[in-house]
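Within every chain, numbering begins at 1; the chains are lettered A, B, ... in the order of the sequence lines, protein sequences first and strands thereafter. Note: hydrogens, waters and symmetry copies are ignored here, and every other heavy atom, side chains too, is used.
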Amino acid sequence: VTVTSRRDDEFTEYVAARLGSLRRVAFLLCQDWQRADDLVQTTITRLYVRWGRVSEAEHTDAYVRTIMVREFLNDQRSGWARRVSLGAEVPDTSEATPDLAAALDVRAALARLPARQRATVVLRFYCDMNVAQAAEVLGCSPGTVKSQTAKGLDALRRALQTTQTTPSSTGLRQVLPRGPRSTRKEVGEHG
Amino acid sequence: MDESRLHDLLELAVGDPPPTSVNITLARSEGRRRLRWLHVYAPVAAAVTAAAAVLVLTVAPFGLGSGHVLAGRKVKHQSNPAFIAHPPTRFSLAVPYASFGWLPAGFSASNVPLGIGGAGVGGAQSAQSETLGAPSNQADVKALSLQVNTAGTCRLTNAQTLRNFRLSHSKHPPALDCGAGVWQLTSSAPQINGGPAFWDQRGDLFWEYGREAWAELEPLVLRISPVRDPHFDGWFNVPARPRSAISDGYPAIRQSAATRVLLVKVAASVHYGDTTAQVYGFTLSGVPAGWRSAASPVSFQAMGGLVANTSWQLGPASDQSALGVSVAPAQDGYPCPFTPGQTQYVTVDGVQASLRTIDQPYKHWQSLCANDIDGLQLWIELDLNIPGTNNTPLPGGAEFGSALAVFGHLRLLGPNPVRWTANPLR
């Protein structure tokens, strides 16, 4: 077995095992499956280039998520991302269960968040990272993560209030923090 | 707040993923292509450690120099003629902007046949890199990679912490955000020509070589023998600390004091604004009207004292990288790949080559690869239609209807770069 083929085998095995979770995180970031797949493709290509170093690291998953999130944020900064909207369709919610309806509300509200706030929310509440871990991935201070989290959740809550007359937002308001007390708690949280 | 419920809702919001278009094989091949340009094949040389010891006496003392004020995002610089007042916001595709000046014994740009490999010049977000190699079992630096960014590409973040920045005392150290990556800075380095400089987690040296323009010097150690091995796995900056000390997936590296001194001196002597044009190992005729060289990354190598282009692209405005031509010494490249179902062997100039065709909705592409034509490895990559469109033809693409047709317009100039040309278009 050559070095290259061994490297390829290890890389392929790793990516294949995590492809599903990578795509889901990418989707939450991009809000569009085509763009999510593009993001994953770019991420794993960059991962391959650095595989020799990455595969020796103890927290490969964290490293890969870091590549992905930074790639996403970089892409958002480019003019292309601002100009082009792929216009992903939002599923019909008329027959959705309350949970699914609420989830779709979350998705729509998440899509309205600025990229960095969205990334922070996804890292904190989907990837279950603590403040310090999210700060590492985002390349910012824990304080910034806390404020971005607070702003993101606040924006989510406000966005969802606009849909609260629709049946689909039912479950959502029970989930998000309400009022300044919750926000302060989140800001003051230590990872 | 019920965070676990928010997690569940986010999971639900994802829904059922559609079939994926992610292609792991493509990632591997594209990754290998990028690695190809990053790799360095250099002959064995030199005693870097001894040179470094000598150099300890010749460089500036470690630490922030006097008169260096770090306040906010703007950094005041000492008056130094070597500091570039007006660094470029774009790099030329034809002329590498920066090159090594002083190098330790055993490192040489002029007598190392393939001493410089590089990638990426052009747009404001692009960067230029060069690498020199000098494997030595005694030294802890086996290769040096220099990357120079255009003005405005990088910016310091967490700048408020810079005022009192010290490595081990800073809980939230600043970072250098260069678009393509964010580098966590871990300690200050001696000023480079009057500009601020820092070490990062990996032991790389970053410095502001000109106003709002940053460069990086990466010391690399040899991981796998590069001796003409097609499976050479490249140069890596491996952790110098035990695995137990590695955290968060980032191997933190602190170079030895001698190595740091060496790197600072190398950085301080980098030349900027070079004017040596690249030479090309081929000429190409019949280029369609309106096709221009792409403003996308190119690669170059030092060969026989010349800067040789080893990856070149051109195309119409709607697809500026429609055609890619890569010509490099045959022994340096990866063998031509064979993709079942897509690749067929053909014979060109009496030499076997592989012709790969992808003919799918939204992707019509062809490549021709020959491992050794008169001492040169040749890659031709051609978009047969505008990528992402369903069979929209390339403007003026009729002349170059296939990779083989492009080959018919190509004349290879042999392995001696002295006979290469600075003007490949005929």
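For Ala13(B) against Phe27(A), the heavy-atom pair with the smallest separation is O-CE2, 3.7 Å. Closest approach of Val14(B) to Trp33(A), counting heavy atoms only: O-CZ2, 3.5 Å. For Leu28(A) against Leu10(B), the heavy-atom pair with the smallest separation is CD2-O, 4.0 Å. Considering all non-hydrogen atoms of both residues, His7(B) and Tyr126(A) come closest at CE1-O, 2.9 Å.
Between the side chain of Arg107(A) and the main chain of Leu12(B), no donor-acceptor pair closer than 3.5 Å is present.
Across Leu19(A), Leu22(A), Val15(A), a single residue satisfies side chain to side chain contact (heavy atoms under 4.5 Å, CB included) together with Val22(B), and that is Leu19(A).
When side chains are defined from C-beta on, Ile24(B) counts as touching Phe11(A), because their heavy atoms get closer than 4.5 Å.
Checked against side-chain contact (heavy atoms from CB on, under 4.5 Å), Thr343(B) has the following partners two or more places apart in sequence or in another chain: Phe338(B), Thr339(B), Ser354(B), Arg356(B).
The salt bridge (Lys or Arg N to Asp or Glu O under 4.0 Å) analysis of residues 13-28 of chain B, with sequence neighbours excluded, yields the pairs Asp8(A)-Arg28(B).
Neither the backbone nor the side chain of Ala135(A) comes within contact range of chain B; no heavy atom of the residue lies under 4.5 Å from a heavy atom of that chain. Looking at Arg23(A), only its side chain comes within 4.5 Å of chain B, counting heavy atoms on both sides.
Considering only heavy-atom pairs separated by less than 4.5 Å from chain B, the leading option among Val122(A), Ile44(A), Leu47(A) is Ile44(A).
Annotation: Glu11(B), atom CD; neighbour count of heavy atoms from other residues, nucleotides and ligands within 6.0 Å is above 12.
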